[in-house]
Amino acid sequence: MISALLDGYRHHIVDAHKQPLFLLLVGFITSFAFIRFSTRMIRAQVRWWPGNITPGGLHIHHMVFGLGFLLLGGIGTFATDGGHPWIDWFGLSFGIGCGLVLDEFALILHLDDVYWSEQGRKSVDAVILGILLTALLLTGYVPLGVVPGQDTRWGLVAVIGVNALVCLVALLKGKVWTGLLGIMVPGLSWIGAIRLARPASPWARWRYTRRPRRMARANRRERRLHARTDRARTWLFDLIAGAPDKVPAGHPKAQAVAERMAARALAHRRRPGRGAAATEGGYGPYGGPGGYGPGGDGTADGAGGDPARRARAQRRRRTVRAGRPRTTATGPGRPSGRR
């Protein structure tokens with residue numbers, strides 16, 4: 001049994017010159033498994049497990065060490081001209097760096113410590129996707145079966161270009177896994193591009209806003225199919241990486257997130273044609289007279305001279321700061337619903 005495995009390793013990995021890529025994958029998986037085990041032990045406050053590295057009170061995240069491994073692997077490969085046995089060790093180092101850095105991909109994306117929040121699930125997505133793509137390359141799977149060194153065939157180039165556009169459409173429709181894996185596996189991205197977009201995707205915001213029937217179909221499909229898939233995915237990710245924290249509505253983190261979302265919403269609702277007034281009004285582009293902020297003429301909340309709208313805008317801001325969901329009420333002289 002062991003001799004057969006060794007013979008297969010020599011034939012499929014060593015003789016095929018894939019040992020550096022194999023060691024990269026081993027380092028990738030091993031570092032991710034180790035660091036997730038470590039963070040879960042720290043989260044559970046296990047006494048016999050060392051805690052976070054905090055010299056002088058500064059919490060050093062493990063992506064810092066991952067960057068060191070990435071630099072060691074990348075620079076070392078160029079410095080030694082990719083010769084053996086150095087390239088094998090540098091491939092292992094690069095894989096370790098990939099696991100440590102991508103495990104905190106959500107922190108890099110949001111520029112916030114969201115490791116144990118719902119946003120932190122993006123890190124697990126990035127790691128699993130990276131492992132799958134590396135495994136496909138290791139098994140000899142290249143995009144659309146193209147082998148480097150072959151003569152250029154323009155028909156094949158056109159097919160690759162069309163497939164890339166279809167993958168982009170699938171990504172815009174919210175089918176992240178289908179679009180990315182479709183680069184390597186022909187056909188997957190075509191399925192994602194043909195099917196309805198997910199309701200929260202950019203494609204749905206661009207194309208379904210004025211087509212309520214199609215948006216309703218997308219919502220029904222989201223509830224019927226994707227909800228069950230997301231539950232299974234959530235269960236699997238909880239098993240692999242641990243369940244995220246349940247932050248109550250009044251928690252300071254929830255308030256900070258609500259304030260950031262409100263600021264982004266206000267930025268998207270700015271009135272056009274007010275840029276000159278914003279820069280010349282005296283208080284900058286976001287506040288004061290002539291600005292877009294509260295009290296300026298360009299306020300998207302409606303503070304431009306209407307006391308009733310200004311009062312509603314102030315109530316909305318106070319509600320967001322308090323971390324409560326925003327509600328509306330009807331009354332004399334007051335419209336119903338959100339403005």
Side-chain angles (χ1 to χ4, degrees), residues 24-25 27-44 51-54 58-71 94-135 170-181 183 198-202 205 222 226-227 229-249 251-265 267 323:
L24 188 151
L25 181 60
F28 199 156
I29 297 174
T30 304
S31 62
F32 171 70
F34 170 78
I35 202 61
R36 275 290 167 172
F37 175 79
S38 175
T39 53
R40 293 182 74 170
M41 292 296 101
I42 295 172
R43 188 188 190 191
N52 293 315
I53 301 176
T54 55
L58 175 65
H59 180 197
I60 300 180
H61 293 268
H62 49 265
M63 69 176 176
V64 176
F65 302 98
L67 289 174
F69 280 105
L70 287 176
L71 291 173
F94 199 86
I96 293 173
C98 289
L100 295 177
V101 171
L102 287 183
D103 186 57
E104 293 196 316
F105 170 78
L107 187 148
I108 301 172
L109 179 65
H110 292 278
L111 291 179
D112 195 3
D113 193 357
V114 294
Y115 193 85
W116 289 117
S117 65
E118 289 291 340
Q119 292 84 357
R121 292 300 178 86
K122 296 182 179 69
S123 298
V124 186
D125 287 333
V127 169
I128 294 178
L129 184 63
I131 291 174
L132 288 177
L133 292 177
T134 307
L171 291 173
L172 291 176
K173 285 191 172 185
K175 316 294 181 64
V176 178
W177 289 86
T178 305
L180 292 178
L181 291 178
I183 300 174
R198 302 191 71 169
S201 65
R205 292 196 298 269
E222 183 77 13
H226 292 291
T229 305
D230 289 341
R231 283 196 297 269
R233 171 175 164 271
T234 300
W235 175 85
L236 178 63
F237 283 10
D238 287 348
L239 181 65
I240 295 174
D245 293 331
K246 305 300 182 183
V247 181
H251 195 273
K253 287 187 177 180
Q255 296 180 16
V257 172
E259 289 177 0
R260 287 198 298 269
M261 293 177 63
R264 293 174 185 173

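Contact between Val101 and Met63 at its shortest, heavy atoms only, is CG2-O, 3.8 Å. Nearest heavy-atom pair, Ser201 versus Leu172, reported as atom, atom and distance to 0.1 Å: CB-O, 3.4 Å. Closest approach of Ser31 and Gly95 over heavy atoms only: OG-O, 3.8 Å. The two residues His61 and Leu107 come nearest to each other via the heavy atoms CE1-CD1, 3.6 Å. Minimum interatomic distance between Leu171 and Val176 (heavy atoms only, all atoms of both residues): CD2-O, 3.7 Å. The shortest non-hydrogen separation linking Ala106 to Gln119 is CB-O, 3.3 Å.
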- Take Asp125 and Phe237, measure what side-chain contact (heavy atoms from CB on, under 4.5 Å) needs, and give me the verdict at the end. CA-CA 9 Å; Asp125 287 333; Phe237 283 10; 3.0 Å; yes
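In terms of the salt bridge (charged side-chain N to carboxylate O under 4.0 Å, His left out) criterion, Glu104 has no residue partners (sequence neighbours excluded). Remark: Thr134 pairs with Leu21, Leu24, Leu25, Phe28 by the side-chain contact (heavy atoms from CB on, under 4.5 Å) rule, at least two apart or across chains. With sequence neighbours left out, the side-chain hydrogen bond (donor to acceptor under 3.5 Å, both in side chains) criterion links Ser38 to Trp49. By the side-chain hydrogen bond (donor to acceptor under 3.5 Å, both in side chains) test, Asp238 pairs with Arg121, sequence neighbours left out. The side-chain contact (heavy atoms from CB on, under 4.5 Å) check on Ala126 picks up Leu102, Phe105, with sequence neighbours excluded. With sequence neighbours excluded, the residues that form a side-chain hydrogen bond (donor to acceptor under 3.5 Å, both in side chains) with Thr39 are Tyr115. Partners of Leu129 under the side-chain contact (heavy atoms from CB on, under 4.5 Å) rule, at least two apart in sequence or in another chain, are Leu133, Trp177, Leu180, Leu181.
Going from atom NE2 of His62 over to atom CG of Asn52 covers 10.0 Å, rounded to the nearest 0.5 Å. Between the CD1 atom of Ile42 and the CD1 atom of Ile53 there is a distance of 8.5 Å, given to the nearest 0.5 Å. Distance check, rounded to the nearest 0.5 Å: OG1 of Thr178 to NZ of Lys173 gives 11.5 Å. Annotation: the span from Ile131 atom CD1 to Ile29 atom CD1 amounts to 5.0 Å, rounded to 0.5 Å. With rounding to the nearest 0.5 angstrom, the CG atom of Leu100 is 9.0 Å from the CZ atom of Phe34.
Without hydrogens or angle criteria, Ser123 side chain to Asp103 main chain gives a donor-acceptor distance under 3.5 Å. A donor-acceptor distance shorter than 3.5 angstrom exists from the side chain of Arg205 to the backbone of Ala200, with no hydrogens or angles considered.
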